[in-house]
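Each remark here refers to the structure printed beneath this line.
All ligand and atom numbering here is 1-based and tracks the order in the structure.
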Amino acid sequence: MELHTKQCGLIIGLSIILAYACLARAETHYHNFVIQPTPVKRLCNNHVIMTVNGQFPGPTLQVRNGDTVVIKATNAGKYNITLHWHGIRQMRTPWADGPEYVTQCPIRPGGTYTYRYTIEEQEGTLWWHAHSKWLRATVYGALVIYPKLGSSYPFPKPAREFPLILGEWWNRDPMQVLQQSMITGAGPNVSDAYTINGQPGDLYSCSSRDTTTFPVKAGETILLRIINAALNQQLFFAIANHQMTVVEADAAYTKPFTTNIVMIGPGQTTNVLITANQPPGRYYIAATAYSSAPGVAFDNTTTTAILEYTSQRFSRPVLPQLPAWNDTNTANSFTAQFRSISRGKVPLQIDQNLFFTVNLGSINCSRPSFRCQAPNNTMFTASMNNVSFVLPRRNSILQAMYQNTPGVFTTDFPPVPPLQFDYTGNVSRGLWTPTRGTKLYKLKFGSHVQIILQNTNIVTVEDHPMHLHGYHFFVVGTGKGNFNPQTDPARFNLVDPPVRNTVGTTPGGWVAIRFIADNPGVWLMHCHLDVHISWGLAMVFLVENGVGELQTLEAPPRDLPQC
Ligand SMILES: *[C@@H]1O[C@H](CO)[C@@H](O)[C@H](O)[C@H]1NC(C)=O
Ligand SMILES: *[C@@H]1O[C@H](CO)[C@@H](O)[C@H](O)[C@H]1NC(C)=O
Ligand SMILES: *[C@@H]1O[C@H](CO)[C@@H](O)[C@H](O)[C@H]1NC(C)=O
Ligand SMILES: *[C@@H]1O[C@H](CO)[C@@H](O)[C@H](O)[C@H]1NC(C)=O
Ligand SMILES: *[C@@H]1O[C@H](CO)[C@@H](O)[C@H](O)[C@H]1NC(C)=O
Ligand SMILES: *[C@@H]1O[C@H](CO)[C@@H](O)[C@H](O)[C@H]1NC(C)=O
Ligand SMILES: *[C@@H]1O[C@H](CO)[C@@H](O)[C@H](O)[C@H]1NC(C)=O
Ligand SMILES: *[C@@H]1O[C@H](CO)[C@@H](O)[C@H](O)[C@H]1NC(C)=O
Ligand SMILES: [Cu+2]
């Protein structure tokens with residue numbers, strides 16, 4: 001970055017024309033990410049967690065739209081791991097996308113893999129995280145994409161900017177928490193804390209000294225780049241006495257709107273402007289659970305950080321008012337305010353009309369067993385269109401596709417539910433058990449796709465934050481109950497729908513998304529609550545090549561890990 005700036009300065013001195021060429025030039029950023037066990041102290045105890053380069057949260061990547069990123073990942077830990085660049089489109093480079101056994105085999109302990117990709121027409125806040133079992137509980141960081149040199153934000157430049165990463169903390173190794181739930185068939189233990197930039201904050205034991213603070217000067221406007229990196233929980237977020245102006249989400253600018261409360265699901269990002277217009281002092285920034293599933297256990301604690309006006313180090317902070325954990329109305333009315341600033345055209349003609357149910361599920365055991373400790377001798381599971389997704393083990397799906405290796409996946413993922421039923425009504429127990437498979441859905445290059453994601457009342461309704469890799473999509477509609485293909489499309493927003501890479505399915509409702517399949521490769525779509533992806537709440541799109549090099553998947557890198 002620095003070298004580049006100096007070169008620019010020199011060139012600007014010589015000639016305006018050359019300066020323009022300099023401004024337009026993109027850079028390549030090289031980083032080494034060493035995944036390593038790292039000692040930290042949290043909630044009164046010493047722990048060893050996986051981090052990148054010993055940092056928790058991990059390093060912030062700062063790039064510009066158009067730049068190339070080259071990250072050599074070295075696995076110095078004891079677990080297989082992969083890294084995912086959440087929300088990056090990865091045009092023609094799915095090899096760098098990261099989900100384990102989908103686009104690559106894991107990097108084994110002692111191994112390395114270099115992720116290479118170019119940022120194409122994206123600006124704003126994204127993030128990176130491990131995409132292997134539950135390692136992303138501690139292996140994550142911010143990925144900030146600034147506008148190209150010479151262009152600017154569509155809002156006044158803030159005086160300061162901070163990534164603000166919400167996380168979820170267990171006093172146990174999260175890999176053990178996952179393993180225990182996989183063995184017992186029951187829900188995993190809930191977390192012990194939420195965190196802001198790695199710190200739980202004042203309301204937890206032994207945490208006050210390290211509470212994260214965000215400094216401001218009275219009168220200035222700052223930008224918070226909020227990222228929800230929590231493993232399993234949507235969160236409500238607020239700042240005492242300060243309104244927030246939302247300006248961007250999932251690396252897409254929004255029409256600005258003000259709010260006292262943000263609801264953010266795992267995988268999502270939301271940029272807010274805050275003006276320090278209150279009496280100088282200290283104000284709590286706080287986040288707590290939004291839990292949409294009745295009767296499902298969750299961590300009901302509250303994490304805090306502090307917005308600190310200059311030289312107000314000792315004043316006592318005020319807490320903001322947060323909604324009740326089950327306040328779905330507040331969550332939905334916040335989400336309903338998003339409108340995009342134009343970002344390409346919304347597809348109006350649809351070639352692929354898909355309808356996917358998004359379900360939890362339950363497997364009966366004939367008798368009580370150690371492996372069936374979910375209620376009434378069952379095991380929890382989850383599915384889309386009644387298929388519980390199974391990751392292959394012998395190869396990655398992408399490599400198998402590229403090399404035409406048979407037996408790794410099938411392409412018969414159902415475009416509509418195999419059985420129609422009253423999705424959000426009282427679903428008969430006989431329908432609760434899905435089939436299992438590694439099923440993909442094939443899309444022709446360039447096809448215009450609509451997906452209705454229909455939440456169901458199998459086991460319980462719940463807001464599932466659904467994330468699509470390799471794309472962002474327009475959220476054209478949402479509603480309660482079962483989607484009605486006769487009446488609901490008339491209410492779609494085809495003018496300025498929000499653009500996202502992760503969208504919540506209203507609990508007991510549906511959401512409609514659209515995108516153009518312009519990125520060939522193999523792309524995972526899944527619930528970003530890791531508890532649900534481990535139960536199979538996922539599917540994969542296979543987007544075929546188009547015509548010519550620019551519509552064709554690149555060749556795999558030489559160092560691609562093998563299974
Ligand atoms: C989960 O919680 C139970 C009950 O508190 C505890 O006995 C068990 O050790 C926990 N397991 C893990 C992996 O944290
Ligand atoms: C959180 O849950 C625990 C256990 O169910 C309960 O005792 C406690 O009152 C709850 N706390 C809050 C703030 O709701
Ligand atoms: C939320 O839960 C509380 C109990 O904690 C209950 O009294 C209230 O009715 C619930 N509200 C909604 C909207 O379900
Ligand atoms: C378990 O069984 C009891 C009694 O048979 C029933 O009331 C309850 O709803 C069942 N729970 C679930 C989750 O199916
Ligand atoms: C749901 O259906 C079952 C039988 O299919 C019935 O026993 C139960 O009472 C129904 N529950 C509700 C809330 O309608
Ligand atoms: C599982 O058991 C319940 C009763 O506990 C029954 O209603 C349901 O049909 C069973 N499901 C399957 C798939 O056998
Ligand atoms: C899912 O498939 C299983 C096995 O074919 C079947 O028993 C169950 O009823 C199906 N459920 C739904 C919701 O389609
Ligand atoms: C790690 O990955 C390799 C290659 O896919 C696999 O053979 C091995 O079983 C994995 N180890 C674990 C613990 O999953
Ligand atoms: Cu989910």
Side-chain angles (χ1 to χ4, degrees), residues 35 43 45 47 75 77-82 99-111 113 130-135 137 168-184 186-193 228 230-234 265-268 290-293 296-299 356-361 373 380-384 388-389 391-397 399-400 408 453-456 458-467 502-508 511 525-539 560-563:
I35 298 125
L43 305 181
N45 285 300
H47 305 268
N75 186 355
K78 61 177 175 177
Y79 298 121
N80 282 349
I81 199 165
T82 64
E100 173 177 76
Y101 297 113
V102 177
T103 61
Q104 68 166 101
C105 294
I107 311 169
R108 295 184 216 205
Y113 178 48
H131 213 300
S132 182
K133 306 252 176 69
W134 275 22
L135 288 168
E168 201 169 359
W169 174 268
W170 277 262
N171 282 330
R172 293 283 290 272
D173 179 348
M175 291 289 271
Q176 282 176 17
V177 177
L178 170 67
Q179 199 191 15
Q180 188 189 29
S181 75
M182 290 285 114
I183 291 173
T184 63
N189 285 5
V190 300
S191 53
D192 296 292
N228 188 347
L231 220 56
N232 293 326
Q233 196 61 61
Q234 283 91 345
Q268 296 184 318
Y290 161 49
S291 186
S292 58
V296 170
F298 66 97
D299 170 355
F356 294 172
T357 59
V358 173
N359 323 301
L360 295 175
Q373 295 186 38
F380 282 125
T381 180
S383 70
M384 293 175 73
S388 187
F389 187 75
L391 286 174
R393 293 302 299 260
R394 299 236 199 88
N395 204 348
S396 74
I397 294 172
Q399 203 167 7
V408 177
L453 294 164
Q454 174 69 60
N455 190 211
T456 72
I458 293 182
V459 182
T460 173
V461 298
E462 181 162 1
D463 185 337
H464 299 279
M466 299 300 294
H467 174 48
T502 307
V503 68
T505 55
T506 317
V511 60
M525 181 171 205
H526 65 95
C527 178
H528 220 282
L529 306 182
D530 279 28
V531 48
H532 295 168
I533 190 177
S534 351
W535 291 339
L537 213 173
M539 58 79 64
L560 183 72
Q562 304 297 313
C563 286

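Contacts of ligand 1 (protein heavy-atom distance under 4.0 Å) are R172, Q176, V177, Q180, N189.
In this structure the side chain of P188 never reaches within 4.5 angstrom of the side chain of L178, judged on heavy atoms. Within the 4.5 Å cutoff, no side-chain heavy atoms of Q233 are placed close to those of N228. Inter-residue side-chain proximity for P465 and Q234 is flagged as met; some heavy-atom pair is nearer than 4.5 Å. When side chains are defined from C-beta on, N189 does not count as touching R172, because their heavy atoms never get closer than 4.5 Å.
Residue contacts with ligand 8: P106 is included, with a non-hydrogen atom under 4.0 Å away. Close to ligand 8: R393, with a non-hydrogen atom less than 4.0 angstrom away.
Here H528 does not reach the Cu ion (ligand 9): none of its N/O/S atoms is less than 2.8 Å from the metal.
Set against the non-hydrogen atoms of C563, the atoms of ligand 8 under 4.0 Å away are 4 (C), 5 (O). Short contacts between ligand 8 and R108, defined as distances under 4.0 Å to a heavy atom of the residue, involve ligand atoms 3 (C), 4 (C).
D463 contributes no side-chain N or O that, together with a main-chain N or O of S292, makes up a donor-acceptor pair within less than 3.5 Å.
Q399 and Q562 share a side-chain donor-acceptor pair at under 3.5 Å.
Checked against H464 for a ring pair (Phe, Tyr, Trp, His ring centres under 6.0 Å), the options H528, H526, H532 give a single hit: H532.
Once rounded to the nearest 0.5 Å, the distance linking CG of L231 with CG of L529 reads 9.0 Å. The structure places CH2 of W170 at 8.0 Å from CG of D299, a figure rounded to the nearest 0.5 Å.
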Begin with the C-alpha distance, continue with both residues' side-chain angles, and end with the deciding distance and a verdict on side chain to side chain donor-acceptor pair (under 3.5 Å) for S132 and E100. CA-CA 6 Å; S132 182; E100 173 177 76; 2.6 Å; yes
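Considering just the N/O/S atoms of H464, the one nearest the Cu ion (ligand 9) carries the name ND1. Its N, O or S atom nearest to the Cu ion (ligand 9) is what matters here, and for H532 that atom is ND1.
At least one N or O atom of Y101, backbone or side chain, sits closer than 3.5 Å to an N or O atom of ligand 8.
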